[in-house]
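Written out below as structure tokens is the structure these notes cover.
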Amino acid sequence: MFRVIAWAAIAFYLITVGLWPAALAPVSLGLDGIAAVIAAIPGPVLALAVVAAWLKHRPAAKPATA
């Protein structure tokens, strides 16, 4: 029984170590691309876009109850 568990653990380890970098590569490249696009936009323009988005989607004011 121990031999089966040991072989399964070794197989799981090798699959994980072998597949993890390949599975993570597209995610890493995508995040690098997003970072490059954001870095190309000037700071004041980004700030203005954030303020405009907040003004468009801000929560509605609740009516005052007396």
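We use all heavy atoms of the structure for the numbers below, so side chains are in, but hydrogens, waters and symmetry mates are not. What you see is a predicted model; the values in this text were computed from it and never measured.
- Residue L29 holds its CG atom at 11.5 Å from CD1 of I34, rounded to the nearest 0.5 Å.
- In the hydrophobic clustering of this structure, W7 does not group with V4; members are Ile, Leu, Val, Met, Phe, Trp, Tyr whose side-chain heavy atoms approach within less than 4.5 Å, directly or through other members.
- Separating the CD1 atom in I10 from the CD1 atom in I15 is a distance of 12.0 Å, to the nearest 0.5 Å.
- Residues L48 and V45 are members of separate hydrophobic clusters, defined by side-chain heavy-atom contacts under 4.5 angstrom among Ile, Leu, Val, Met, Phe, Trp and Tyr.
- A distance-only check finds a donor-acceptor pair linking the side chain of T16 to the backbone of F12 [under 3.5 Å].
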